[in-house]
Amino acid sequence: MKRINSTDAVENWTSQQKEQKFYMVLISLHGLIRGENMELGRDSDTGGQVKYVVELARALGSMPGVYRVDLLTRQVAAPDVDWSYGEPTEMLNPLNTENSKEELGESSGAYIVRIPFGPRDKYAPKELLWPHIPEFVDGALTHIIQMSKALGEQIGGGQPVWPVAIHGHYADAGDSAALLSGALNVPMVFTGHSLGRDKLEQLLKQGRQSREEINTTYKIMRRIEAEELTLDASEIVITSTRQEIESQWRLYDGFDPILERKLRARIKRGVSCHGRFMPRMVVIPPGMEFHHIIPLDGDGDGEGERHDDSSISPDPPIWSEIMRFFTNPRKPMILALARADPKKNITTLVKAFGECRPLRELANLTLIMGNRDDIDEMPSTNASVLLSILKLIDRYDLYGHVAYPKHHKQSDVPDIYRLAAKTKGVFINPAFIEPFGLTLIEAAAHGLPIVATQNGGPVDIHRVLDNGLLVDPHDQRSIADALLKLVSDKQLWARCRQNGLKNIHLFSWPEHCKTYLTRITSCKPRQPQWQRNDADFDNSEPDSPNDSLRDIQDISLNLKLSLDGDKTEGSAALDNALEAEDCAAGGKTKEQNAVLTLSKGVCQKAGATEKADNSSGAGKFLAFRKRKYVCVIAVDCDTTSEFTEIIEKVTEAAGKDRDAGPIGFILSTALGISEIHSLLISGGLSPSQFDAFICNSGGELYYPSSSSEDSPSGLPFVVDIDYRSHIEYRWGAEGLRKTLVRWVANFNEKKGRETVTEDVSASTNHCYAYKVKDPELIPPVKELRKLMRIQALRCHVIYSLNGTRLNVIPVLASRSQALRYLYVRWGLNLSTAVVFVGESGDTDYEGLLGGLHKTVILKGVGIGARKLHANRNYPLEHVFPNDSPNMAQSEGCSENDIRASLVKLGILKR
């Protein structure tokens, strides 16, 4: 018996990559993840994705050129789960030592790293983790920075070794990866596994729940927004199949296959895309571990296993557990392995089997539907499906023909496949839609022909393996006919078996990793700018989608984009938009000259002191590390006078307690730096009282300057030029601004008056600001975000100052991200930061609530901003961390109320 060989891909991995020593970070948040004895099927969150990410991490850790892989997940120390899920770190032992790296270091290899976030003593479903994502991001950021420094000492010559990529799996981890990518300025990769918009469509078609009920149950709109953000932030989106791109990702505002190909064509021709970006969609089928698989010799009837009596090993226990159900266990076994979930379509399979007499006479049916102790203790949806199956078994009197064991271990699954192959059986996946179908590959590796749904990934798998038949999952007769054909035609069965075994190596993990690493290392490398290493990858490519263009040579390059937010090709509002911008690009137009002087009153003048201050003021910035606490005043007040009053109260309340140690202050606001200066002067405050100023909703970062003599503007501030380059990723700049100018003109024309106007004094190179005269007339922020995404413009749109200002900043910039930057850059301890917010705020308000920092909500403040959140994609309650011990609400806004809140959080003593 010959093992399946999957080493060729490793041997083909080039010597150039072997010389590299990459650090890679994978993220998969929900479910229970461990390296051995995975509890797959325990619940809906612990399924195929868990197996995928563990095997991917292990396989990458064994690839030449990869020094360390961290798989970040949630630490769960709950009484109802095994203790192993509470262990901070678990090493993933390589399965094939022959392919291990020749040089092992102190921290090399693949690891599961569990980050504590969310309820400490509770295993929570993924739908309830959204409020705690910021806490994970802060914890993961701490780990990555510490590991990067440790690796720097080992293999980086003393310089931090930053991740070559951060790879998020599923929407929750994608959201986290986007924030980490922005905080560290490193490339992001994403794999969806399943997508929210597709699930929403499927649930609506079933008609069992309304859109509101679906959103309440699954938090589906929060998930979809996370997936849209991944499109904004990702360099590469990895899919299992082409169908996932064409049928599922195209449902999203931020992705259009046709527009993607047009942008790539422009890139190939060396023509500007004018600030428009699309992630690179790459099809890489999931891999599989073949180390434990020894296909049966012969034609699968067990002949190859019959040797002398001394070599015969006892049958695996799971075999007897299954065969006890059958009257005639020697008949071919039809095997289905899936959760009792409506979308898996097991009930249709049972009906097809029950109503086809020839099939019942020729074969047995085995249903492996996870593990259960008591049906009444199962989730209601799963219990309902299982009860339906049991009733069908009774209706068709299938006793003795159908097996449905209550328990199996993950280690039993290979033996179950072997049993089906030994009986010359067939594996079936009848799901309504299958994103990929990893079980089909597993079955093929064990010599089983397949019958699979024609919707989704199985189409691509069948194209490669050619080892079975595809069926319409809604057509019960089609399912029965396909199964009958395979179990009755021995020649067809043998041919499908051999085809599967011959081609299965194409789905090995080494093959997957070779393609994966080639793609990732072709991205333009990014890392924190102040420690940029000029030694880029030799095979790096531009920061844009630039895959092979063989299929798009004849496509017109005229982009047709709608200012009304319609995702259509035929909209005429922006016909020939890029061509018009091409024409203007040849020289500086009046419009461009206006942009060049957009912020001449502030940014360029402040920039005159940048060089001096950045070189001589390092000691000032290092003060962040010496602060016992840092108070971040991020309150979005209804009036500037109220804002000034709160600044005074917070600084007084926090600064009075001398025993609290050195306390710093940061101002975080939508205002520009000149507006902040005026506000401080009017309140009798000095800039030197603050450590930093997060301005323009996070679009700019300033520090107080020791001297303003060299500044033409006379303002005592210095801009952080490293921060500007840090948030530059996918900033559309002039192309984005021109689109905003057209949108404003279009919008004002429709309203018949000048409702929105450009605010030149508040704008900067990384924040385009607009005044809004009547907030009641403007569309909700979600509509503007949709408009920008449809046009492939990646930015963060924020309504601020009670809706009287619109700020447009880089996509991964925000006030919360600016705090993370201060941690990465200057060592600001996030766990010692206290963020002050109102009961509501600007449309970026939710980003300020969670995380490792403490939060004080000032009662009665910012209530006027609630109208900005009235028409959200998802309610604020879905992301509000109510049970966080890091959050306190003051009884009022007096100095005593603020002190009481700080005492409650342990910042001040009573």
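Values reported hereafter were calculated over all heavy atoms of this structure, with side chains retained and with hydrogens, waters and symmetry mates removed.
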First locate atom [atom1] of [X], then atom [atom2] of [Y], and finally report the distance between them rounded to the nearest 0.5 Å.
X      : Y      : atom1 : atom2 : answer
Gln202 : Ile433 : CD    : CD1   : 5.5 Å
Asn873 : Arg222 : CG    : CZ    : 10.5 Å
Arg730 : Ser234 : CZ    : OG    : 7.5 Å
Met221 : Tyr874 : CE    : OH    : 10.0 Å
Ile428 : Leu337 : CD1   : CG    : 12.5 Å
Lys514 : Ile284 : NZ    : CD1   : 11.5 Å

Exercise. Is there any salt bridge (Lys or Arg N to Asp or Glu O under 4.0 Å) pair reaching into residues 428-439, and which pairs are they, with sequence neighbours excluded?
Worked result: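 For residues 428-439: Lys344-Glu434.
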Exercise. So Met24 and Asp70, side chain to side chain contact (heavy atoms under 4.5 Å, CB included) or not? Walk me through it.
Worked result: CA-CA 6 Å; Met24 310 192 71; Asp70 282 337; over 6 Å; no
Report yes if some heavy atom in the side chain of [X] is under 4.5 Å from a heavy atom in the side chain of [Y]; otherwise report no.
X      : Y      : value
Pro285 : Ile461 : no
Arg264 : Cys273 : no
Leu470 : Thr453 : no
Lys219 : Lys126 : no
Thr739 : Leu787 : no
Val50  : Leu32  : no
Tyr23  : Val164 : no
Leu141 : Leu184 : yes

Problem set entry | Check against salt bridge (charged side-chain N to carboxylate O under 4.0 Å, His left out), Glu235 and Arg526 | CA-CA 11 Å; Glu235 300 263 8; Arg526 291 189 289 124; 3.4 Å; yes
Donor-acceptor under 3.5 Å ([X] side chain, [Y] main chain):
X      : Y      : result
Asp175 : Ala171 : no
His446 : Glu442 : yes
Ser508 : His505 : yes
Glu228 : Gly254 : yes
Glu260 : Asp256 : no
Gln527 : Asn185 : no
Ser62  : Arg58  : yes
Ser148 : Val161 : yes
Tyr111 : Ser108 : yes
Asp460 : Arg242 : yes

Specify the closest pair of heavy atoms between [X] and [Y], including all atoms of both residues, with the distance to one decimal.
X      : Y      : result
Lys51  : Met38  : CA-SD, 3.9 Å
Gly275 : Leu793 : O-CD2, 3.5 Å
Ser181 : Leu812 : OG-CD1, 4.4 Å
Leu29  : Ile133 : CD1-CD1, 3.5 Å
His274 : Ser272 : N-OG, 3.0 Å
Leu72  : Ala140 : CD1-CB, 3.8 Å

For this session: Applying side chain to side chain contact (heavy atoms under 4.5 Å, CB included), run through Phe22 and Val69 and close with a yes or a no.
Result: CA-CA 8 Å; Phe22 296 132; Val69 180; over 6 Å; no
Exercise. Where do Asp466 and Lys502 land on the salt bridge (charged side-chain N to carboxylate O under 4.0 Å, His left out) test, with the steps shown first?
Worked result: CA-CA 10 Å; Asp466 188 23; Lys502 179 178 66 176; over 6 Å; no
Exercise. Under the side chain to side chain contact (heavy atoms under 4.5 Å, CB included) criterion, do His30 and Thr46 qualify, and how do the steps go?
Worked result: CA-CA 8 Å; His30 60 262; Thr46 309; over 6 Å; no
Pairing residues for [X] by the ring-ring contact (aromatic ring centres under 6.0 Å, His included) criterion, not counting sequence neighbours:
X      : result
Tyr821 : Trp530, Tyr723, His726
His796 : none
Phe507 : none

Problem set entry | Face-on cation placement of Arg74 at Phe136 ring, 6.0 Å and 45° thresholds | no
Exercise. Does the cation-pi check pass for Arg789 over Tyr252, that is, NZ or CZ under 6.0 Å from the six-membered ring centre and within 45° of its axis?
Worked result: no
Just list the side-chain donor-acceptor pairs under 3.5 Å for residues 187-196, sequence neighbours left out, or say none.
{"residue": "Thr191", "atom": "OG1", "partner": "His167", "partner atom": "NE2", "Å": "2.7"}
{"residue": "His193", "atom": "NE2", "partner": "His169", "partner atom": "ND1", "Å": "2.9"}
{"residue": "Ser194", "atom": "OG", "partner": "Arg223", "partner atom": "NH2", "Å": "2.9"}

For this session: Output, in order, the C-alpha distance, side-chain angles, deciding distance and verdict of salt bridge (charged side-chain N to carboxylate O under 4.0 Å, His left out) for Lys782 and Glu225.
Result: CA-CA 10 Å; Lys782 65 180 183 181; Glu225 176 57 30; over 6 Å; no
Exercise. Are side-chain N/O atoms of Gln49 and Ser28 paired as donor and acceptor at under 3.5 Å?
Worked result: yes
For this session: Please check if any side-chain donor atom of Asn467 sits under 3.5 Å from a side-chain acceptor atom of His462, or the reverse.
Result: no
Problem set entry | Partner residues of Arg794 under the salt bridge (Lys or Arg N to Asp or Glu O under 4.0 Å) criterion, sequence neighbours left out | Asp232
Problem set entry | Centroid separation Trp509 to Tyr516 less than 6.0 Å |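 No, they do not, as the ring centres are separated by 6.0 Å or more.
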Exercise. Taking it one step at a time, do Thr439 and Phe427 satisfy side chain to side chain contact (heavy atoms under 4.5 Å, CB included)?
Worked result: CA-CA 9 Å; Thr439 53; Phe427 182 82; 3.5 Å; yes
